[in-house]
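Atoms considered below: every heavy atom in the structure, side chains included; atoms not considered: hydrogens, waters and symmetry mates. Chain A is the first sequence line, chain B the second, and so forth, proteins listed ahead of strands; every chain is numbered from 1.
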Number of protein chains: 2
Amino acid sequence: MPSSATADTELLTVRIAELYYDENKTQDEIGALLGVTRWKVGRLLTQARERGIVRIEIMHPRARRLGIERELRERFGLKDAVVVPDSDDIRSRVAQAAADYLTALRPVPRILGISWGRTLDSVADHLGNGWATGVTVVQINGGVSLNRRPGTASTTAAEIAQKGGGHPILLPSPAILERLETARAISTDRTVAAVLDRAAEANAYLYSAGVADSSSVLVDSGYLTPEDVAELVRKGAVGDVVGRYIDANGNPVDPGLDERTVGLGLDQLRAAETAIFVVAGEAKHDIARTVVMSRLCSIIVTDESTAAALLEEQ
Amino acid sequence: MPSSATADTELLTVRIAELYYDENKTQDEIGALLGVTRWKVGRLLTQARERGIVRIEIMHPRARRLGIERELRERFGLKDAVVVPDSDDIRSRVAQAAADYLTALRPVPRILGISWGRTLDSVADHLGNGWATGVTVVQINGGVSLNRRPGTASTTAAEIAQKGGGHPILLPSPAILERLETARAISTDRTVAAVLDRAAEANAYLYSAGVADSSSVLVDSGYLTPEDVAELVRKGAVGDVVGRYIDANGNPVDPGLDERTVGLGLDQLRAAETAIFVVAGEAKHDIARTVVMSRLCSIIVTDESTAAALLEEQ
DNA sequence: GGACAAAGTGCTCATATGAGCAATTCGTTC
DNA sequence: GAACGAATTGCTCATATGAGCACTTTGTCC
């Protein structure tokens, strides 16, 4: 009777698991109690764990998924990856994880380049005081908001700098300019150029990405109209990274627009030793894939389902 | 900064737990990796388990709650207790647990006394072939169904006996008789008396209990009318055990009715070495309490929430 | 029925781990 | 600032545990 033998073993396994994990008896004791050798007890316990009869879970808002992180690192050649288990407040948990990562980053960065947006804001909130000592926080893309949400970009930088015992350097420029000449003029202007030079020297970058649709912060802030974005999408735009719209291959969708965008170039980001990319949420799966595949980041901080989406193809 | 120190420790604990349980690294390795001594790693792991950061669960239909079982044994002086975790099919899981218990019972009973009803039926179904060798299964209370469900009681006994390689002995009598004289006459009748004698000799009893309301099997089978039951409830009936209605103290509610009930007496059950009581479900919390408190059983097989209800009072 | 591969078993031994204890640090109270 | 008790730390040592291996059992194919 093979099936009943299997059932017997399974039942035995369950009893053993209970005695070991709930009653914390020793494998010897269990063996004596149930009439099996302690080696068999040990083997059945291993099986119980492998077969999922015994489930060990780490229940904590700051828990991570190290297994998936390893897969991401290996699959995409990343320097590091941080994956947070799915939950109802992923955005906040991912931001927390990014803040934790930044805090634990060694060597402590002397200059940190950051983008801006809702995600970065949230990371700033989750950072603890003293996360660094005397850090210079430089904006890496134009940050003056044209419409509402005044000062968001600058307060993010200020908060991160202040909590790291340092000071922010703001990029005094719009994100996107209307005319190419203006963009060139502003980029070479002493005050702006100096900031971009500091940005280029940063030891680490921390940035997020936007989705290419009318919900974009760039639309919200008045740099682009919903029609502009629709046009970009037609040309293959997946989303924006530090203000620059890219296609599925990670290249600027619209070279003209790209030239009118003020800030660190994508290639500078690609060349960076430590480029930390923070993404969360279903909507950003596509742009996340693009960023990771086109090697725009060396480190990713994300949620489990985004990570799964990245890993699932072919 | 006390709170931030606490937060740090907690975060460290989470990291340690991940490395230990998910990545199965050794405590040494973890210590080296995170810059703490291996003893601290060990201590934090213990804390993590105690504080519920690490949750170890045994996910299996036949899992049990040994901790609660121990409490039940101690609190009520039971010989044994079997508690199954709550789930959506408690009835079936509890029946399975009872079947498992019976199978593992040593010494293997030569004579088993059983009651009948939905619960017992289910236990019979869950028993495996060869659970005993040559067992005699005796009905301990009258079992002829008056209305529908013909033969239910006898098939239960037959199934248990057959699977145990033995034969059933049926009690050829109604559960409750209308007149006292008939009851006396039938109980002293050779065929019935012989069965009751065997029942009294049983090495173990297995029975369930009914709730005192119109859903009772005794109503269903036509022995009592819904009005009869309503009257009994008025007199304090909580439910029935082997066909006998008892009050909260475990005494017969209606001595007249009790005398007209054919089967093993409650005191015989109380005196038994091995009286296994199987109950499941919210509705039976009260009768379960009564049975346990009035020492009608020496072993209880039940679900977690029933057990919790038993344990919760003062 | 015999031969062979696969799975399972009992064991040795190196290693990982928890209990228990002395030394230290920390936080409080005077 | 001194004195005290409580918590925390690093450690020793006994014990629990898993890896690896020879041996046995089981199942399968000819």
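Using a 4.0 Å cut-off between charged side-chain N and carboxylate O, B/R65 and B/E304 make a salt bridge. Ion pairing between a basic and an acidic side chain is recognised when a charged N comes within 4.0 Å of a carboxylate O; B/D303 and B/R93 show no such pairing. Salt bridge status for B/E10 with B/R51: present, with a side-chain N to carboxylate O gap under 4.0 Å. At a threshold of 4.0 Å, the pair B/R70-A/E23 counts as salt-bridged, since one of the basic side-chain nitrogens sits closer than that to a carboxylate oxygen.
As rounded to whole Å, 13 Å separates atom P of D/dA7 from atom CD of B/Q47.
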Letter by letter from the 5' end, nucleotides 10-23 of chain D scores (B base, S sugar-phosphate only, - none; protein heavy atoms under 4.0 Å) BBB---SBB-B---
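Donor-acceptor pairing under 3.5 Å is recorded for the side chains of B/R49 and B/Y21.
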